[in-house]
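These notes concern the structure reproduced below.
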Amino acid sequence: VQLQAFGGGLVQAGGSLRLSCAASGRTFSSYVMGWFRQAPGKEREFVAAINRSSGSTYYTDSVKGRFTISRDNGKNTANLQMNSLKSEDTAVYYCAAGHKWGVYNVRGFDSWGQGTQVTVSS
């Protein structure tokens, strides 16, 4: 599956952004979808994941209550709604696709989009 992430930008602290990930192919619904981020000088870290049927989601602690992951299998898209943004959320955000639910790190995902920059000014 090929992925393309978009929707990043510059926002003030406390603001919101919505990231989207468009996937190619007819098997989108068979993938676990995830969002990761990477700040300068840091490793890529897990942010959120959603299972194939949208019934289960999982978030890293730092974004719980602020970020919401969703997907639309009919449109082959996965989204990340980010509210109450903080300066520490500044990073390049990547969407990813995998086959195994419950592996919340880069090893659990096989396909990656190109990344979209999110910058939160304080």
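Numbers here simply count residues along the sequence, with the first being 1.
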Check your understanding: Residues in salt bridge (charged side-chain N to carboxylate O under 4.0 Å, His left out) with K64, at least two apart?
Key -> D61

Practice item. Go through the steps to decide whether Q12 and S121 satisfy the test side-chain contact (heavy atoms from CB on, under 4.5 Å), and finish with yes or no. Key: CA-CA 5 Å; Q12 289 187 334; S121 63; 3.7 Å; yes

Exercise for review: State whether the number of non-hydrogen atoms from other residues, nucleotides or ligands found under 6.0 Å of Q2 atom CD is greater than 12.
Suggested key: no

Check your understanding: Q114 and A5: which non-hydrogen atoms are nearest, and at how many Å?
Key -> NE2-O, 2.8 Å

Exercise for review: Measure the OG-CD1 distance between S56 and I69 for me, rounded to the nearest 0.5 Å.
Suggested key: 11.5 Å

Review point. If two hydrophobic side chains count as joined below 4.5 Å and joins carry through other members, does L3 share a cluster with Y94?
Key: no

Practice item. Show your working on side chain to side chain donor-acceptor pair (under 3.5 Å) between Q81 and N83 and close with a plain yes or no. Key: CA-CA 7 Å; Q81 177 66 42; N83 298 329; 2.9 Å; yes

Please set out all donor-acceptor pairs under 3.5 angstrom arising from side-chain atoms of residues 104-112, sequence neighbours excluded.
residue: N105; atom: OD1; partner: R107; partner atom: N; Å: 2.9
residue: D110; atom: OD2; partner: H99; partner atom: ND1; Å: 3.0

Practice item. To the nearest 0.5 angstrom, please state how far the CZ atom of F46 sits from the OH atom of Y58. Key: 7.0 Å

Review point. Linking Ile, Leu, Val, Met, Phe, Trp and Tyr by side-chain heavy atoms under 4.5 Å, what else ends up with V103?
Key: none

Review point. Is there a side-chain contact between V92 and F36, using heavy atoms and a 4.5 Å cut-off?
Key: no

Revision key, fill the gap. In this structure, CD of Q4 is separated from OG1 of T116 (nearest 0.5 Å) by 9.5 Å

Check your understanding: What heavy-atom pair brings S62 and R37 nearest, and what distance separates the two atoms?
Key -> OG-NH2, 3.4 Å

**Study point:** For E88, all residues meeting salt bridge (charged side-chain N to carboxylate O under 4.0 Å, His left out), sequence neighbours excluded
**Key:** none

Practice item. Test the R71-Y31 pair against the cation-pi criterion, namely NZ or CZ under 6.0 angstrom from the six-membered ring centroid and within 45° of the ring axis. Key: no

**Study point:** For W101 against V32, the heavy-atom pair lying closest together
**Key:** CE3-CG1, 3.6 Å

Point to revise | V1 versus S24, closest heavy-atom pair with distance | key: CG2-O, 3.1 Å

Exercise for review: Give the other cluster members for F6, using side-chain heavy-atom distances under 4.5 Å between Ile, Leu, Val, Met, Phe, Trp and Tyr residues; answer none if it is isolated.
Suggested key: none

Point to revise | Sole residue of L10, V11, V120, T119 in side-chain contact (heavy atoms from CB on, under 4.5 Å) with L17 | key: V11

**Study point:** L19 side, atom CG; T77 side, atom OG1 - distance, nearest 0.5 Å
**Key:** 12.5 Å

Study note, to complete from the structure: Nearest heavy-atom contact between M33 and C21 is CE-SG, 4.1 Å

Practice item. Using salt bridge (charged side-chain N to carboxylate O under 4.0 Å, His left out) as the criterion, list what pairs up with R18, not counting sequence neighbours. Key: none

Practice item. To the nearest 0.5 angstrom, please state how far the CH2 atom of W35 sits from the CG atom of N79. Key: 7.5 Å

Study note, to complete from the structure: Of all heavy-atom pairs linking A13 and S122, the shortest is CB-CA, 4.2 Å

Practice item. Report yes if some heavy atom in the side chain of D89 is under 4.5 Å from a heavy atom in the side chain of M82; otherwise report no. Key: no

**Study point:** Reported OH-to-CG distance for the pair Y93 and L80, which is rounded to 0.5 angstrom
**Key:** 7.5 Å

**Study point:** N76 side chain vs G25 backbone, donor-acceptor pair below 3.5 Å
**Key:** yes

